[in-house]
Peer 1: 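Can you read through this structure? Questions will come right after.
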Number of protein chains: 2
Amino acid sequence: MQKTLPLIDDFHVHLRQGALMEKVTPSLEQGGCRLAYVMPNLTPPITTTKQAMEYKEKLQKLAPNVEFLMTLYLNPELTVEEIYAAAKAGIKGVKSYPRGVTTNSEGGIESYTVYYPIFEAMEKTGMVLNLHGEIPSDATSNVCVLNAEEMFLTHLQSLHRDFPNLKIVLEHATSKAAVDMVKSLGPTVGCTITVHHLQLVVDDWAGCCHNFCKPVAKFPKDRDALRQVVKEGHPRFFLGTDSAPHPRTAKETSKAAAGVFVTPYLASYLASILDSFGALDKLEGFACKFGRQFYGIADSKDSKVLNLAKEDFTVPQEFQYVNDAGVEAAIVPFLAGKAMSWKLK
Amino acid sequence: MQKTLPLIDDFHVHLRQGALMEKVTPSLEQGGCRLAYVMPNLTPPITTTKQAMEYKEKLQKLAPNVEFLMTLYLNPELTVEEIYAAAKAGIKGVKSYPRGVTTNSEGGIESYTVYYPIFEAMEKTGMVLNLHGEIPSDATSNVCVLNAEEMFLTHLQSLHRDFPNLKIVLEHATSKAAVDMVKSLGPTVGCTITVHHLQLVVDDWAGCCHNFCKPVAKFPKDRDALRQVVKEGHPRFFLGTDSAPHPRTAKETSKAAAGVFVTPYLASYLASILDSFGALDKLEGFACKFGRQFYGIADSKDSKVLNLAKEDFTVPQEFQYVNDAGVEAAIVPFLAGKAMSWKLK
């Protein structure tokens, strides 16, 4: 069996810096990607238009055929003037991280009200607010990684109420509660879903560092809700992989870095996983159309298509690179060594 | 500040085999232990009185001052005759593992009714049924490591109803639901609580292989329930550490072995952790009395006491040993490198 597909739009991806960036960025094309919505959590984070443009230039050289959409990191130093400058330069969004919740999020937000002038400027200029939707864990109020997303949803609701024309994306949703909330809100609220959250439940990352990411995969019923909304073909739910490469040494250690790496084999994962729960016919909308529609990005003029074949593809055990110290290193990709049922030709 | 304590009774411990056994078993005394209730999940599992007695002899030589209580592994080959023989030989309990749930549990049980003749013999002879209280994960019915214990509790309830005089211990409880259930049942139902489940929540093992164990630590409210029942001094809840050593190499890898290792520093962990939530005055009941009372084991004639001092004790980074291949290896103990507030003198 064969299937053709337009090239894929990844509305949430981490492309890193230095040697890792140089190896990972070209692999976007290998995975079948034509659009990469790039996260700003570098060291230091991308907080200015200038930084974003410099980063974009580097990425574009590494993957000339990919359309890179850039974001700024929401932080207290961000000004309304910078938002206008960013919008003018074509920067698409501003990413909000709750403090301390994920990689390089130490400068993240604690309360949204101080940012209301920023959001107003974003609303006016058509920029998108990208939310890492988790509140920090707090044992005294029973908040932990399992309910941190659900507990965040009232913030999403309030932001949408206060800025009904601001486009907001709840990133990498993992729970039924999140799906239900996004569905209940207006047309300016979208939601990305990763490949790995369509596949994993909590058992899969318990003791398995390569499946550990933030937000963590939840209960089977939560995965069911994510799969269901993809099967419905709901146009406000679209692909954002949150692909987040870390070297094996940062994973197989006492405190594993959070993140799953899918970029180089994206088309194969997507077709195989959606097929596994009967949603292969929804792949094109989910991965190639709905995100573009939500963001208001013109259809690609690219006439290239992906040719997928229903045949075994074994995910490589390692994605090798030479790190900044000049030492051979490797990233363990998602489902390393496992057989996928669809292969990108 | 100083505190004296009788020696500690650990009503659930894994002492392993070979080189690991030879190193771990003497560390019972180092940790302040006088009684070890020994789990039978060896390779092959301990299923006969003969095996149990041979294993006990080895352990006794390694730690002459410790009282070892032995168990058999519940399995379809176990006969009523063997139960009578085991009871006569002084074997205290039979351990039930759900199939595939933890280390070496591939031969575990799937349904209890086939074991009713065994349980009847155990009831008659005063043997104790030790339950690993989790059902196997099953995504189609939303069962995962987070609710596997709660979903098991109806089995505990039925077993107690059908064998009201059989002593049953729900091992290593991790959830409020389990605490509530055990409290609601009669005087023949007891419950062990580990040191690490009084300390950890899900965030602590997310990406942290050395805190990963089965059953996994749950929500903060679950930890609160465990702490609360210890603070109450409830006599049917007592210490069983589930100390389960694995070499570092089996933890810091793509699929970490489940288990937390506490044996050598047990007294220090116990005093420090119970003190942290205001239960130091309940330490003696929890760790030195209630288990003995439940099992009907005479008070130790041992006049030794543990002398604890309120001073910093840093848990060593490693517990070193030479493995069966003659190679230097190490176990990373619980809270390695962290400062405890109580020290065993």
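Everything quoted here is computed from the prediction, not taken from an experiment.
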Peer 1: Give, as side chain, backbone, both or neither, the part of A/Lys251 having an atom under 4.5 angstrom from any heavy atom of chain B.
Peer 2: neither
Peer 1: Report, in residue-number order, which members of residues 198-210 of chain B are under 4.5 Å from chain A by heavy-atom distance.
Peer 2: B/Val202, B/Asp203, B/Trp205, B/Ala206, B/Gly207, B/Cys208, B/Cys209, B/His210
Peer 1: Quick one: which of B/Ser141, B/Ala139, B/Cys144, B/Ala256 has the most heavy-atom pairs under 4.5 Å with chain A, could you say?
Peer 2: B/Cys144
Peer 1: Is it the backbone or the side chain of A/Val143 that comes under 4.5 Å from a heavy atom of chain B, or both, or neither?
Peer 2: backbone
Peer 1: How long is the span from the CG atom in B/Asn147 to the CZ atom in A/Phe219, to the nearest 0.5 Å?
Peer 2: 5.5 Å
Peer 1: Chain B heavy atoms under 4.5 Å from A/Arg248: which part of the residue, side chain, backbone, both or neither?
Peer 2: neither
Peer 1: What is the minimum heavy-atom distance between A/Lys221 and B/Asn142, and which atoms define it?
Peer 2: N-OD1, 2.8 Å
Peer 1: Would you say that more than 12 heavy atoms from the other residues, nucleotides or ligands in this model lie under 6.0 Å from the CD of B/Glu252, or not?
Peer 2: yes
Peer 1: Is the NZ atom of A/Lys282 crowded by more than 12 outside heavy atoms at less than 6.0 Å?
Peer 2: yes
